[in-house]
Amino acid sequence: KSKKVDQDNLRMAGVTSLKPENIIVTGSPAFDELAAENDGEIVRSRVREKLKISDEEKLVAYIGGAPPNDLENLKIFINNFNQANVDKEKVKFTTRIHPAIFGKGPLSAYQKDYKELISTFSGGQSIDTMGIFSTDEVAKAADIIVSAYSTEGIKAVYRGKSSLFMLLP
């Protein structure tokens, strides 16, 4: 739903030459690009081929937010999935961890925790896609997106993917 921008918001943004009646906010730039996206099937096929994932197999992608809450979400998901009654030969699992964890900032201290936690996944084959594919490529290749505190979960809905949102207080 579109809405008008009021004059006070324009002034606060330092914009004084535009008339508010000529500006309409239609959405979020992070999602607006999805309307024109048309490479989903091509990317899906390319990524799955490189990862050796057949059409009969399911790729589950956990795309998380920032720790420490995200670590708890991932732990709950992995524990539940490990106990699920699924054909483990048909399930491939990958994670996309918040990029700040692999930088030099304070979140980088969580790298070891994530690696140890991911190693406990036994609900199918775990595949490391970090540094090989972008998050968008992984999301387009996935059958199911599990997310926590990430816009990637909302993008999954836009793309028509099965989505599970895990939000802990």
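The first residue in the sequence is number 1, and the count goes up from there. These numbers were taken from a predicted model, which means no experiment stands behind them.
Going from atom OH of Tyr158 over to atom OG1 of Thr151 covers 11.0 Å, rounded to the nearest 0.5 Å. Taking OG of Ser122 as the reference point, atom CG of Asn82 lies at 3.5 Å (rounded to 0.5 Å). Lys75 contributes atom NZ, which lies 12.0 Å from atom CE of Met166 (distance to the nearest 0.5 angstrom). Summarising the geometry, atom NZ belonging to Lys50 is positioned 15.0 Å from atom OG belonging to Ser45; distances are rounded to the nearest 0.5 Å. Between Ile118 atom CD1 and Asp113 atom CG the span is 10.5 Å, to the nearest 0.5 Å. Remark: Lys112 NZ to Leu117 CG distance equals 13.5 Å, nearest 0.5 Å.
Hydrophobic clustering of Ile, Leu, Val, Met, Phe, Trp and Tyr side chains at less than 4.5 Å, counting indirect connections, keeps Ile127 apart from Met130. One hydrophobic cluster holds both Ile97 and Ile76 under the rule that ILVMFWY side chains link at heavy-atom gaps under 4.5 Å.
Side-chain contact of Asp70 with Tyr114: a donor-acceptor pair under 3.5 Å is present, judged by distance alone.
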key: Evaluation steps, side chain to side chain contact (heavy atoms under 4.5 Å, CB included), between Thr94 and Gln125   = CA-CA 9 Å; Thr94 191; Gln125 179 187 358; over 6 Å; no

key: Steps toward salt bridge (Lys or Arg N to Asp or Glu O under 4.0 Å) verdict (Arg159, Asp136)   = CA-CA 11 Å; Arg159 290 179 172 135; Asp136 267 347; 3.0 Å; yes

request  = Apply salt bridge (Lys or Arg N to Asp or Glu O under 4.0 Å) to Glu57 and Lys92, showing your working.
outcome  = CA-CA 7 Å; Glu57 295 171 312; Lys92 308 296 182 191; 3.3 Å; yes

request  = Please test Asn73 against Phe165 for side chain to side chain contact (heavy atoms under 4.5 Å, CB included), starting from the C-alpha separation and ending with a verdict.
outcome  = CA-CA 10 Å; Asn73 279 329; Phe165 292 87; over 6 Å; no

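Contact annotation: the side chain of Phe93 never approaches that of Leu59 to less than 4.5 Å [non-hydrogen atoms, C-beta and beyond]. Two residues are said to be in side-chain contact when any heavy atoms from C-beta on lie closer than 4.5 Å; Ile145 and Val60 fail this criterion. Proximity of Leu74 to Ile78: side-chain heavy atoms (C-beta onward) are separated by under 4.5 Å at one or more points. Looking only at side-chain heavy atoms (C-beta outward), Leu164 and Ser147 stay at 4.5 Å or farther from each other. Under the 4.5 Å side-chain criterion, counting only non-hydrogen atoms from C-beta, Arg96 is in contact with Thr129. Considering only heavy atoms from C-beta on, Lys88 comes within 4.5 Å of Val86 through its side chain. Taking 4.5 Å as the limit, some side-chain heavy atom of Leu51 sits within range of a side-chain heavy atom of Phe133. Asp87 has its side chain out of reach of Val91: every pair of non-hydrogen atoms, C-beta onward, lies at least 4.5 Å apart.
Of the possible polar contacts, one joining the Lys161 side chain to the Ala142 backbone as a donor-acceptor pair under 3.5 Å is found.
Nearest heavy-atom pair across Gly153 and Ser163 is O-OG, 4.0 Å. Looking at every heavy atom in both residues, Glu152 comes nearest to Ala139 through OE1-CB, 4.5 Å.
Note: Phe81 and Phe77 meet the aromatic proximity criterion, with ring centroids under 6.0 Å apart.
Between Arg44 and Glu137, no side-chain nitrogen of the basic residue sits less than 4.0 Å from a carboxylate oxygen of the acidic one, so the salt-bridge criterion is not met.
Within a 6.0 Å sphere centred on CD of Glu49, other residues, nucleotides and ligands contribute 12 heavy atoms or fewer.
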